[in-house]
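Report on the structure given below.
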Amino acid sequence: MTLVAWVLSAAAVVFLLARPPRRRWLLTVGIGIGSGLLAAVLTWFLTVRVFNLFGVGLGAVTYLWLAAACGAIGLALVNLWKTRPLRRSIAAVSVLLFAATGALGINAGYGLDRTLGALLGINVLPPIALTAPTLRPSVGDERPGHANRPLWQTWTPPPGLPATGSIGSQAIPNPLSGFVARPAGVYLPPAALVPNAPALPLVILLMGQPGNPDPEQAAESLDRAAARHGGLAPIVLVADQLGNPAADPLCLDTARFGKVETYLTRDVVSWASANLNVIQDHRYWTIAGYSNGGQCAISLAAKHPDIWSNVLDISGEVSPGSEVPTRTLNDVFGGDQAAYDAQKPVNLLAAHRLPGDFAVFTVGALDTQFSGGQRILAAAAQDAGITTVYREVPGADHGGSALTGGLDLGFDALFPRLGLAPPPS
């Protein structure tokens, strides 16, 4: 879809430029393109510098696509006057085409929403078939001599083991929270797709904001890991902590956004325990998150060590609403600074001792906006007694490269902890 839009846009630009190179026309084209570029600068100034609508810098790729789209739209607009009907029609259609191409280019630069459905927030994943849980209490199996032994020691890949896992979606009921969430994404690794599959570790993953509960990136990372470990990998449930992609409920129970924390810690957890073939020992449960979800992950891990013993924070925010702290303070906490401070992960970690827990923090090596906060939280986790790993993703910023690299580095560190790989030598 993106490639088609680029090709069509390039053809439209060539057509709209193709007129005899008279001085008047060249001046008109220059005014149109220049006005478009000026509109791009004004858009950047208002949305990023004045109103800070996104809370973060948008990166060079975004700004280049914004400039290209606006400049092309300016070219199309000057083709609407004193031209033939065919040229006017193509120019009118090109305005929409250039806007769509710019949006697709910006999205491709971030590398997060890989399909049109994901970009539009439409769930296109079919419901995934689930096998009945075995409800084994240990990380091993129940054969004599195997109890309480890690899976990497007892698992033998059976004939016909799939080369890759399976993804799909599941609607999770909300009887305790009432929070209206989108269907969750589910990833089942190859070892979960065979007869008499073993119970596997559980990862609950939370994506960024705006974002979708899409399991695709996690599936790609874990398929690579499973290929190195005989098909073993965690089962991943990508829960929706947003409800509305434009909202940021902060993973808390609030009057403004509803009982999101209750949804994640009770509705989602209860559903996962009852419906997924996961190890019931919570030492093998992980809460993971990217960006907005990363802040949620470390906060929930600190507040609910009875549920999660492991956390993977990928390029997470340093605190709830850290990109718009004044707005968050007023809109969510009613101006109560003490209440706001109490929900910041660094303070949650300072209030708890968690010596049996394990945490992995990752961030893009080029992500200067989030790397400082990740180092602060890694240090706070270590001070709380958590065994802590900090990793930077080479060449990555805050987009898709940070997510993909963070998943790879994070799961590489987590696999021995989850009994899926031997301890590092």
Side-chain angles (χ1 to χ4, degrees), residues 111-112 139 150-152 155 157 162-167 185-193 198-208 213-239 272 276-279 282-291 293-294 296-298 300-301 308-316 357-365 374 378 381 386-394 396 400-425:
L112 296 174
V139 69
L151 278 169
W152 72 268
W155 167 254
T164 60
S166 177
I167 62 174
V186 180
Y187 166 74
L188 301 179
L193 303 177
L200 293 166
L202 171 67
V203 173
I204 294 178
L205 174 63
L206 309 173
M207 297 297 284
D214 185 352
E216 183 178 356
Q217 286 97 337
E220 292 177 357
S221 177
L222 286 173
D223 276 346
R224 291 191 291 268
R228 300 190 299 270
H229 297 96
L232 290 175
I235 291 173
V236 179
L237 179 63
V238 188
L276 299 176
N277 190 21
V278 296
I279 299 166
H282 287 222
R283 290 178 299 170
Y284 303 98
W285 285 32
T286 301
I287 180 71
Y290 160 66
S291 193
C296 290
I298 186 59
L300 292 172
W308 296 287
S309 298
N310 311 287
V311 58
L312 170 57
D313 182 344
I314 301 171
S315 301
D357 286 6
F358 185 85
V360 184
F361 296 86
T362 73
V363 70
Q374 286 294 81
I386 300 173
T387 301
T388 303
V389 176
Y390 173 82
R391 294 285 186 270
E392 293 189 356
V393 182
S401 57
L403 173 59
T404 300
L407 288 167
D408 288 346
L409 292 173
F411 286 129
D412 184 62
L414 281 165
F415 260 52
R417 167 78 174 185
L418 301 178
L420 302 175
S425 57

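Every heavy atom of this structure was used, including side-chain atoms; hydrogens, water molecules and symmetry mates were not.
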Side-chain touch [X]/[Y], heavy atoms, less than 4.5 angstrom:
| X | Y | answer |
| --- | --- | --- |
| F411 | V203 | yes |
| P189 | P234 | no |
| T286 | F358 | no |
| M207 | V238 | yes |
| L414 | L312 | yes |
| F415 | L222 | yes |
| V393 | S401 | no |
| V186 | P215 | no |

For the atom pair [atom1] ([X]) and [atom2] ([Y]), what is the distance rounded to the nearest 0.5 Å?
| X | Y | atom1 | atom2 | answer |
| --- | --- | --- | --- | --- |
| T164 | L188 | OG1 | CG | 11.5 Å |
| I235 | L200 | CD1 | CG | 5.0 Å |
| L407 | I314 | CG | CD1 | 4.0 Å |
| I287 | L237 | CD1 | CG | 9.5 Å |
| Y290 | S315 | OH | OG | 6.0 Å |
| L403 | E220 | CG | CD | 10.0 Å |

Might you point out which heavy atoms bring [X] and [Y] nearest each other, and give the distance in Å?
| X | Y | answer |
| --- | --- | --- |
| N310 | W285 | ND2-O, 3.0 Å |
| L193 | P162 | CB-CG, 4.0 Å |
| G208 | S291 | CA-CB, 4.3 Å |
| A191 | L232 | CB-CD2, 3.9 Å |

Test item: [X] side-chain N/O and [Y] main-chain N/O as donor-acceptor pair under 3.5 Å:
| X | Y | answer |
| --- | --- | --- |
| D313 | A288 | no |
| W308 | H282 | no |
| S221 | A219 | no |
| Q374 | T362 | yes |

Flag for Y187-D223: side-chain donor and acceptor within less than 3.5 Å
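Yes, side-chain donor-acceptor contact under 3.5 Å.
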Qualifying residues under ring pair (Phe, Tyr, Trp, His ring centres under 6.0 Å), relative to W152, sequence neighbours excluded
none
One pair to check against side-chain contact (heavy atoms from CB on, under 4.5 Å): I298 and F361. What are the steps and the verdict?
CA-CA 9 Å; I298 186 59; F361 296 86; 3.8 Å; yes
Listed partners of R224 passing salt bridge (charged side-chain N to carboxylate O under 4.0 Å, His left out), at least two apart:
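Checked R224 against salt bridge (charged side-chain N to carboxylate O under 4.0 Å, His left out); matches are D408.
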Decide yes or no on side-chain contact (heavy atoms from CB on, under 4.5 Å) for V360 and V311, but give the supporting numbers first.
CA-CA 6 Å; V360 184; V311 58; over 6 Å; no
